[in-house]
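The basis for the numbers below is simple: all heavy atoms, side chains too, and nothing from hydrogens, waters or symmetry mates. By convention in this document, chain letters (A, B, ...) are assigned in the order of the sequence lines, proteins followed by strands, and residues within each chain are numbered from 1.
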Number of protein chains: 2
Amino acid sequence: MTLLSRKADYALLILSYLHQNTGGGNARTVADKFGLSPSFVANILKELAHHGFVAGHRGVKGGYALARPADTITLAELLESIESGFRLTMCNPSLPDQHHEQCSLAGACTLKGPLTVVHNRLLEVLRAVTLAELFDPNGSLSQPSALLSLSLLPATTTTTCRSEPATVTQA
Amino acid sequence: MTLLSRKADYALLILSYLHQNTGGGNARTVADKFGLSPSFVANILKELAHHGFVAGHRGVKGGYALARPADTITLAELLESIESGFRLTMCNPSLPDQHHEQCSLAGACTLKGPLTVVHNRLLEVLRAVTLAELFDPNGSLSQPSALLSLSLLPATTTTTCRSEPATVTQA
DNA sequence: CGAAATAGCACTTGTCAGATACGATTACCA
DNA sequence: TGGTAATCGTATCTGACAAGTGCTATTTCG
């Protein structure tokens, strides 16, 4: 289970680029920078523009730039836009009827309330993180030591996200 | 974006049934109860048994029962088993190489650290919820009002990660 | 021995993310 | 005023994986 789709992942990457290069950039520049397909990057930028996160300017010297300061955009907001809403379970709204009916179990599903609470807790975490924090190499999110020491009790998989230069073919 | 797959969703439902009926039950009984396909329920139970959450007993009077008390199982543990691990982004381990290479960006991806912090925060939330709490109709998770009012603060570095037994009981 | 249940595979189906392509539109510049 | 380069909008294809089904082996009880 992956929380961020690759699209959202790349969206973050692209936004961080636009954040650092205040002059902005066009799709091809960004694609080149990250070694991605220009069409793919263009698509993500289009979607970001459609949701008002970046502003696109057409024409020869056109390109994209952040439409809002990064510290006014929360991770929750971005995900709710890029992904189609953040749901915990399927049995919320707008579902094909048969599933809804199965889940509601004649209205006796005792899980909905508690799961909604959990959902809101997760949302809080995402709401508490702005893109500015995420992009700031000296921000509170970049000194995980204190937080990690708190959270690494039974220590599951992830821990570190392989920040090494990646043993891939590269050279 | 849906956090719980339908399988995980039904797994919770089935576990809650086994939690309430301490005598346990067989796949067909559970399927009948929830109006699901017996094969489907059997499959989920098999997987739950494989991960040690329920114990299966074969034979004519066989069936399934919880193998561990519900208050020793956290939502995080269940999800990590049922779903294939809980990741925030794709750029962790075990990826097709080309994606990995793209993500590593010659090792200059500044997002990894901060995203790992966010990931751990989310994990904290899931770790703080036990199945017993989730299944208890009178538990703290069934009175969302107080919790919501608590958690709606900007909460940047406060966090402190609710590692407490969710005793945030509305005072 | 036979019925009933789990255990373990193998398989089909359906959906959606991932990714691409192309025409329309807009803006700059000569 | 026409050409070029860029975004915009949409339509489409594809592959991976979740969702769901079925069958056979094994175990247990009567």
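- A salt bridge links R127(A) and E124(A); the closest N-O separation between the charged side-chain nitrogens and carboxylate oxygens is under 4.0 Å.
- Applying the 4.0 Å criterion to OP1 and OP2 of dT21(D), one finds that S37(B) has a side-chain N or O inside that range.
- Candidate nucleotides dT25(C), dC28(C), dA5(C) were compared by shortest atom distance to the side chain of K61(A), and dC28(C) ranks first.
- Residue contacts for G62(A): at a heavy-atom cut-off of 4.0 Å it reaches no nucleic acid atom on any strand shown.
- Checking dA27(C), dA5(C), dG22(D) against the side-chain heavy atoms of R28(B) singles out dA5(C) as nearest.
- Of all nucleotides listed (dT26(C), dT20(C), dA19(D)), dT26(C) comes nearest to the side chain of R58(A).
- Taking for each of N43(A) and N26(B) the nucleotide of DNA chain C with the nearest heavy atom, the 5'-most of the two is the partner of N26(B).
- The number of heavy-atom neighbours closer than 6.0 Å to CZ of R28(A), taken from other residues, nucleotides and ligands shown, is 12 or below.
- Between Y10(A) and dA17(C), a side-chain N or O to OP1/OP2 separation shorter than 4.0 Å is absent.
- Side-chain atoms of R6(A) lie closest to dG18(C) of the nucleotides dT4(D), dG18(C), dA3(C).
- With hydrogens and angles left out, the side chain of K46(A) and the base of dG9(D) share a donor-acceptor pair within 3.5 Å.
- Within 4.0 Å of H50(B), counting heavy atoms only, lies no atom of the nucleic acid at all.
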